[in-house]
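Report on the structure given below.
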Amino acid sequence: MKPLRILLTMPYLPWPITSGGKAREYHLLRALAQRGHEITLLVQAKTPADADVQAALAPWVKELIVLPRRSLKDPRTLWRAAFSPLPLLTTVNGHAPALARQLEQLLARQHWDIVQIEHSYGYQPFEAALQRHRQPFVLVEHNVESELGAATYGKWPVWARPFARYDQWRGRRWEQHVLGQASLVVAVTESDAHKLGAWTQRPPHVVTNGADIQGFAGVQPDPASKRVLFVGNYEYAPNVDAVEWAMEAIWPRLWALQPEARFVVCGHALPPAWRQRWTDPRIEWRGYVDHLPTVQSQSAVFLAALRFGGGSKLKVLEALAASLPVVSTTEGLSGLGVTAGEQAMVADNAEAIAQAVSHLLDHPEQAVQMGLRARAHVTARFDWQACATQLEAAYAAVLADAGREQACA
């Protein structure tokens, strides 16, 4: 494909990589830039683009424009969260006049081969300018947002349930609206594409998540460590639920089988209350780690006790790429094409999960072979360059549509 001029918008900075979504954004940016595409990145973020961010993105982005996002406690955010017709997450990221003006200026400044919007919840500030300029755009959905939101409402207090139901209704309506506006929708899994396709102009394209194959190639898990690892961004409700379910239901069963096993919990925004709630010395509350292969090499098993979510899970994909034996729920392996018992152990209740982890700890030779099969699977199917090729195919479809419209004009 010839080099394209791409205008890409995100509701967060893709660096530092503290979540699966940021990992996806950063590695696809890098892969696209390496293929010669010229990228302007427009971001609304809650944190500024400091020198480290600038240095990390400079090789891949021709122009980086970062605008601040309002605080969650800003009265304008709270007011709109209660009374806007838009769902909660959209109001947090929307109603941003400066961001809307910035996109207007960029659309007026030059022709863009591709305009790409990440997440339907980030679309609201751009809608008017895109319609005014009759600008086609690609919408990338990392999850089916209405399903993800619905899964978290059960954790709301009883007094807030009526608002939760109202917000769920707002979320579904907004999602359908945005999907219907997009020239092309990109989903992360075939399952998500099937669900989203009910509201799109054309069938969504699938651009899978990937893994930094070379970055994890040197990992050698340590079966003797008895460490069981979990990594997640704890601003994301499914990861919070996974750790809390593991601590309440899985680990008491696992410690009965493996008293020396240790639980290593890593990731961004680790809730401080967990350290006081669960004080067993066999738990290592590490929080954010800046070099994941190091902690993977210190671990024997990766546990993905994920009961809901969406898309495919970068943390699980990276564990597979690192040849770390994985025990996961069916949800944790969604979209990864893994065969149960071959590249990972799959279990969906606390007792079965504890038994699976214990089995791998007791049979390190089997665990090693499973990890090697997992690495081969990820290497063959989930390299970021292959994902970039999938994204270029989506771009080609949008450009072909634009060419046909011009020919008919």
Side-chain angles (χ1 to χ4, degrees), residues 14 17-35 60 118 140-144 186-194 204-221 229-233 236 238-239 267 291-293 296-297 299 301-304 306 309-346 368-395:
I17 298 175
T18 56
S19 68
K22 292 184 177 185
R24 175 185 174 90
E25 306 288 19
Y26 176 78
H27 289 294
L28 282 175
L29 272 175
R30 181 175 66 176
L32 290 171
Q34 288 171 338
R35 295 172 180 223
W60 320 123
E118 296 289 319
V140 181
E141 286 285 69
H142 295 205
N143 306 286
V144 180
V186 168
V188 174
T189 67
E190 293 287 352
S191 175
D192 284 0
H194 178 73
H205 277 233
V206 174
V207 177
T208 60
N209 282 327
D212 182 6
I213 304 299
Q214 294 302 315
F216 294 107
V219 174
Q220 294 185 351
L229 174 65
F230 180 73
V231 179
N233 170 17
Y236 183 61
N239 292 333
H291 191 246
L292 186 55
Q296 289 172 328
S297 296
S299 303
V301 174
F302 188 91
L303 172 60
L306 292 151
S312 62
K313 316 303 185 292
L314 264 296
K315 51 188 164 287
V316 181
L317 195 55
E318 291 172 344
L320 296 169
S323 73
L324 191 58
V326 169
V327 175
S328 175
T329 57
T330 302
E331 174 60 39
L333 292 166
S334 64
L336 301 183
V338 168
T339 301
E342 288 294 318
Q343 295 100 7
M345 301 283 280
V346 183
V368 168
Q369 291 305 311
M370 177 175 287
L372 293 175
R373 290 193 297 269
R375 175 180 282 169
H377 175 75
V378 173
T379 300
R381 297 185 53 182
F382 293 98
D383 181 82
W384 281 116
Q385 290 295 333
C387 301
T389 298
Q390 295 171 348
L391 186 54
E392 286 183 329
Y395 294 164

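Across every non-hydrogen atom of Gly210 and Leu317, the tightest pair is O-CD2, 3.1 Å. Between Glu25 and Pro14, the shortest heavy-atom distance links the atoms CB-CB, 3.8 Å. The shortest non-hydrogen separation linking Ala211 to Val378 is CB-CG1, 3.9 Å. Considering all non-hydrogen atoms of both residues, Pro221 and Leu324 come closest at CB-CD1, 3.6 Å. Contact record, Val219 with Pro293: CG2-CB, 3.6 Å, taken as the closest heavy-atom pair. For the pair Leu28 and Ala388, the tightest heavy-atom approach, listed with the atom from each and the gap, is CD2-N, 3.8 Å.
The CG atom of Leu303 sits 8.5 Å away from the CG atom of Leu306 when rounded to the nearest 0.5 Å. Distance check, rounded to the nearest 0.5 Å: OG1 of Thr379 to CZ of Phe216 gives 11.5 Å. Atom-to-atom distance recorded for Arg24:CZ and Ile17:CD1 is 13.5 Å, nearest 0.5 angstrom. Expressed to the nearest 0.5 Å, how far NE2 of His27 lies from CG of Asp383 amounts to 10.5 Å. Atom-to-atom distance recorded for Ser334:OG and Asp192:CG is 7.5 Å, nearest 0.5 angstrom. Atoms CD and SG, from Glu392 and Cys387 in turn, are 12.0 Å apart once rounded to the nearest 0.5 Å.
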*Please report the C-alpha distance between Val140 and Val207 in whole Å, then the side-chain angles of each, then the deciding distance to 0.1 Å, and finally whether the side chain to side chain contact (heavy atoms under 4.5 Å, CB included) criterion is met.*
CA-CA 9 Å; Val140 181; Val207 177; over 6 Å; no
*Apply side chain to side chain contact (heavy atoms under 4.5 Å, CB included) to His377 and Glu342, showing your working.*
CA-CA 10 Å; His377 175 75; Glu342 288 294 318; over 6 Å; no
_Between Phe302 and Val316, is the side chain to side chain contact (heavy atoms under 4.5 Å, CB included) condition met? List the steps._
CA-CA 8 Å; Phe302 188 91; Val316 181; 4.3 Å; yes
*Show the numbers, then the answer: is there a side chain to side chain contact (heavy atoms under 4.5 Å, CB included) between Gln214 and Asp212?*
CA-CA 6 Å; Gln214 294 302 315; Asp212 182 6; 4.3 Å; yes
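Partners of Tyr395 under the side chain to side chain donor-acceptor pair (under 3.5 Å) rule, at least two apart in sequence or in another chain, are Gln116. Legend: residues meeting side chain to side chain donor-acceptor pair (under 3.5 Å) with Glu331, ordered by chain and number and at least two apart, are Lys313.
There is a side-chain donor-acceptor pair under 3.5 Å between Asn239 and Lys315.
Heavy atoms from other residues, nucleotides or ligands lying under 6.0 Å from CD of Gln220 number 12 at most.
Using modelled atom types, one side-chain atom of Thr389 and one backbone atom of Gln385 make a donor-acceptor pair closer than 3.5 Å. With Gln390 contributing its side chain and Thr208 its backbone, the two residues share a donor-acceptor pair below 3.5 Å. Although no hydrogens or angles enter the test, the distance criterion places no donor-acceptor pair under 3.5 Å between the side chain of Arg375 and the main chain of Ile213.
At a threshold of 4.5 Å between non-hydrogen side-chain atoms, the residues Leu333 and Gln343 do not count as touching.
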